[in-house]
K.L.:
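I am attaching a structure below and will ask some questions about it afterwards.
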Amino acid sequence: MTAKTTPRRILIGGKWVTCDRIIEVTDPQDNSLIDTVPAATVDDVLEAIEKARSGVRIAAEMPVHQRISVLNRTADIIENKKELYATTIAREGSKTIREARKEVARCIQTLRVSAEEARRINGETIAFDQMPGNDKRIGYYYYFPIGIVSAITPFNDPLNLVAHKVGPAIASGNAIIVKPATVTPLSALLLVEAFIEAGLPPEVLSIVTGYGSEIGDALVTHPDIRKISFTGGLAAGTEISRKAGPKRMSMELGSNSPVIVLEDADLDQAVEASVSGAYSAAGQNCLGVQRIYVEEAVFETFRDRFVEKTLQYRVGDKMSEDTDMGPMINEKEAKRVESWVNDAVKEGASLLCGGQRNGAFYMPTVLTNLPEHCKLSQEEAFGPVVTIEKVSGLQEAIEKSNSVNYGLQAGIFTRNIHQAFHAIHDLEVGGVMINDSSDFRIDSMPFGGVKGSGVGREGVRYAIEEMTEKKVVCFNLAQPGM
Ligand code: NAP
């Protein structure tokens, strides 16, 4: 893919427009220019909101069969051009081409599941006669679309996480405005193009590329925005929640996910899954394995096998079929991770492998004996760094797992069903994976966290619940005088 001479445009209420300022989208691997996109202004956002007001009615009046057709046609279009989508994801972000292809396949699934779920947005009848005096009342509730959804997305899954917002919004009859991450806007633009090609009325979907620090407030505070669907870091999520005022919000935030390995675990399975969970997308994965707690009887064996496997990881050119891990999203982020690791080592942690940086590339890194107060023990590393600590048993592993302000998902490796149920009950997270690492998800399961990992759930059906309101209808059948 070479740099284009004509800058990409943004879609505002059906018109593809350019802006005075542009943003250069570069490949983090070698800083080469891939493309440029408009740096939208607050006025552009206000125009998108204005256009979305007519989109609200059009979206709500689209019959369900039409929503289903548009969603399935969009999935078909992406399927037919899947290598273009994969190349775009791989070039603008951190993923290797093999990882990018998996994201495209998942995006297609997300859209097809959205089409399926569009058929199932059902209400219920209500037994009004359960309260004395209401014997002649009958009624029901149904779901109606919430209105304009503001979707703000991160860089690490630049296609599928956008689909997780647009798919459910279209399925449930809403208008939506997408603001993708500034560093990875191209995959989102391709997704929007596919929706328009598939016949989605253009007023229903707008996309504005631009800096969150400039246009974020308008997308968050405007009274016509009825729902904010945010995926990103805890800092931005906290700021958005503070500013938004009374409107529906879902916050899909970060984590530093734990994995527990008990002495009866299948260690090959535990090592294999935890290594891949730690380093996928160069560790820039909200579900990524960051803290591993291993029962003492198997600690040394697990640690040594984990390090051995880490050292076999092939780091390099994202576009090569042989590469296991590419660069981080930019050099600044790689330097941040480097400084967190260096600080931990200064505080007494032992570096078992990795720790080297070259530009935006940071080698897969394993540490142990981490002091509990250092950043790597508490915060989200969001890089290819993992810590392995010895624990006396499940109770200590659970206490350590819960000792942070995050709780997205956790993994536990054991053959003991009682231990597994103990962990399921006591781990403070949105999902517990038994004999898998924290890094497991299918796109139709409820997905989200507790504590600083977020509020609300995605997973198409659950996102639809958060993009709709219940409306109660009650018929009074009593006839006066009878
Ligand atoms: P980020 O810095 O929080 O940015 C996310 C998005 O928010 C970007 O589009 C950003 O725009 C925008 N933004 C930033 N500040 C804003 C503000 N004040 N108002 C409105 N918009 C604002 O996150 P990131 O670095 O792109 O992504 C990494 C984070 O996302 C990690 O913490 C990761 O765990 C989390 N994540 C969570 C999930 C999940 O489902 N739970 C999934 C993936 C990622 P700019 O790009 O212009 O700054």
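Order of listing sets the numbers, starting from 1, for every ligand and every atom in it. Only this structure's heavy atoms are used, side chains among them; waters, hydrogens and symmetry mates stay out. Numbering of residues begins at 1 and proceeds along the displayed sequence.
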K.L.:
Which residue and non-hydrogen atom of the protein lie closest to atom 20 (C) of ligand 1, and at what distance in Å?
P.N.:
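Heavy-atom neighbour on the protein nearest atom 20 (C) of ligand 1: Gly216 CA, 3.4 Å.
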K.L.:
Are Glu116 and Arg112 close enough, and set up right, to give a salt bridge (charged side-chain N to carboxylate O under 4.0 Å, His left out), and what steps lead you there?
P.N.:
CA-CA 6 Å; Glu116 280 301 310; Arg112 297 213 190 282; over 6 Å; no
K.L.:
Evaluate side chain to side chain contact (heavy atoms under 4.5 Å, CB included) for Asn160 paired with His164, printing each intermediate quantity in order.
P.N.:
CA-CA 6 Å; Asn160 191 34; His164 263 288; 3.8 Å; yes
K.L.:
What atoms in ligand 1 come closer than 4.0 Å to a heavy atom of Leu253?
P.N.:
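By the 4.0 Å cutoff, the relevant atoms are 37 (C), 38 (C), 39 (C), 41 (N).
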K.L.:
Can you report which non-hydrogen protein atom sits closest to atom 40 (O) of ligand 1, along with the distance?
P.N.:
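Among all protein heavy atoms, the one nearest atom 40 (O) of ligand 1 is Phe447 CE2, 3.2 Å.
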K.L.:
Any atoms of ligand 1 less than 4.0 Å from a non-hydrogen atom of Ala236? List them with their elements.
P.N.:
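Numbered from 1, ligand 1 contributes 3 (O), 14 (C), 15 (N).
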K.L.:
Please indicate whether any nitrogen or oxygen in Thr153 is less than 3.5 Å from any nitrogen or oxygen in ligand 1.
P.N.:
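Min N/O separation from ligand 1 is below 3.5 Å for Thr153.
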K.L.:
Identify which of Glu333, His164, Glu380 has a heavy atom lying nearest to atom 34 (O) of ligand 1.
P.N.:
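The nearest heavy atom belongs to Glu380.
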K.L.:
Just to confirm my output: which protein heavy-atom neighbour is closest to atom 11 (O) of ligand 1, and how far is it?
P.N.:
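For atom 11 (O) of ligand 1, the nearest protein heavy atom comes out as Lys179 NZ, 3.1 Å.
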K.L.:
Select the closest option to atom 35 (C) of ligand 1 among Pro185, Gly232, Cys286, Pro154, judged by heavy-atom distance.
P.N.:
Gly232
K.L.:
Can you tell me which residue among Val391, Ile260, Asp426 is in a side chain to side chain contact (heavy atoms under 4.5 Å, CB included) with Ser401?
P.N.:
Ile260
K.L.:
Can you confirm whether some protein heavy atom lies under 4.0 Å from atom 2 (O) of ligand 1, or whether none does?
P.N.:
no
K.L.:
Could you tell me which atoms of ligand 1, counted from 1 in the order shown, lie closer than 4.0 angstrom to a heavy atom of Ile240?
P.N.:
19 (N), 20 (C), 21 (N)
K.L.:
Counting from 1, what ligand 1 atoms have a heavy atom of Gly210 closer than 4.0 Å?
P.N.:
47 (O)
K.L.:
Pick one of side chain, backbone, both or neither for how Thr182 approaches ligand 1, counting any non-hydrogen atom pair under 4.0 Å.
P.N.:
both
K.L.:
Using a 4.0 Å cutoff against the non-hydrogen atoms of Gly233, which atoms of ligand 1 qualify?
P.N.:
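By the 4.0 Å cutoff, the relevant atoms are 1 (P), 3 (O), 23 (O), 29 (C), 30 (O), 32 (O).
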K.L.:
Assess, by modelled atom type and distance only, whether the side chains of Ser54 and Glu203 contain a donor and an acceptor separated by less than 3.5 Å.
P.N.:
no
K.L.:
Considering only the protein, which heavy-atom contact is closest to atom 22 (C) of ligand 1, and what is its distance?
P.N.:
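Scanning the protein heavy atoms, the shortest distance from atom 22 (C) of ligand 1 goes to Gly212 CA, 4.0 Å.
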K.L.:
Can you tell me the protein heavy atom closest to atom 12 (C) of ligand 1 and the distance?
P.N.:
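Result: Ile152 CG2, 3.6 Å.
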K.L.:
Take Glu466 and Arg248 through the test side chain to side chain contact (heavy atoms under 4.5 Å, CB included) and record every step on the way to the result.
P.N.:
CA-CA 8 Å; Glu466 307 214 14; Arg248 196 80 83 78; 4.2 Å; yes
K.L.:
Establish, from distance only, whether the side-chain atoms of Glu92 and Ser187 form a donor-acceptor pair under 3.5 Å.
P.N.:
yes
K.L.:
Answer yes if the side chains of Thr231 and Lys165 hold a donor-acceptor pair under 3.5 Å, and no otherwise.
P.N.:
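Lys165 and Thr231 do have a side-chain donor-acceptor pair below 3.5 Å.
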K.L.:
How about atom 27 (O) of ligand 1: does it have a protein heavy atom within less than 4.0 Å?
P.N.:
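Within 4.0 Å of atom 27 (O) of ligand 1, protein heavy atoms are found.
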K.L.:
Is ligand 1 under 4.0 Å from a heavy atom in the side chain of Glu239, in the backbone, in both, or in neither?
P.N.:
side chain
K.L.:
Non-hydrogen atoms of Asp157 versus ligand 1: any pair closer than 4.0 Å?
P.N.:
no
K.L.:
Would you check whether Pro180 reaches within less than 4.0 Å of ligand 1, judged by its heavy atoms?
P.N.:
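The answer is yes: ligand 1 sits under 4.0 Å from a heavy atom of Pro180.
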K.L.:
Can you tell me how far apart CG (Leu191) and CG (Leu205) are? Round to the nearest 0.5 Å.
P.N.:
7.5 Å
K.L.:
Any idea which atoms of ligand 1 are less than 4.0 Å away from a heavy-atom of Leu161?
P.N.:
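Within the 4.0 Å cut-off of Leu161, ligand 1 contributes 42 (C), 43 (C).
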K.L.:
Search all heavy atoms of Phe361 against all heavy atoms of Pro327 and return the closest pair with its distance.
P.N.:
CE2-N, 3.4 Å
K.L.:
Rounded to the nearest 0.5 Å, what separates atom CG in Asp324 from atom NZ in Lys309?
P.N.:
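Reported value, rounded in 0.5 Å steps: 8.5 Å.
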K.L.:
Counting from 1, what ligand 1 atoms have a heavy atom of Asn156 closer than 4.0 Å?
P.N.:
43 (C), 44 (C)
K.L.:
Given side chain to side chain contact (heavy atoms under 4.5 Å, CB included), test Val220 with Ile152 step by step and report yes or no.
P.N.:
CA-CA 9 Å; Val220 162; Ile152 303 176; 3.9 Å; yes
K.L.:
With rounding to the nearest 0.5 Å, note down the distance linking CZ in Arg91 to CD in Gln29.
P.N.:
8.5 Å
K.L.:
Which atoms form the tightest heavy-atom contact between Leu367 and Ala349, and what is the distance?
P.N.:
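Reported closest heavy-atom pair: CD2-CB, 4.3 Å.
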K.L.:
Measuring from atom 33 (C) of ligand 1, which candidate in Phe230, Tyr211, Phe155, Phe382 has the nearest non-hydrogen atom?
P.N.:
Phe382
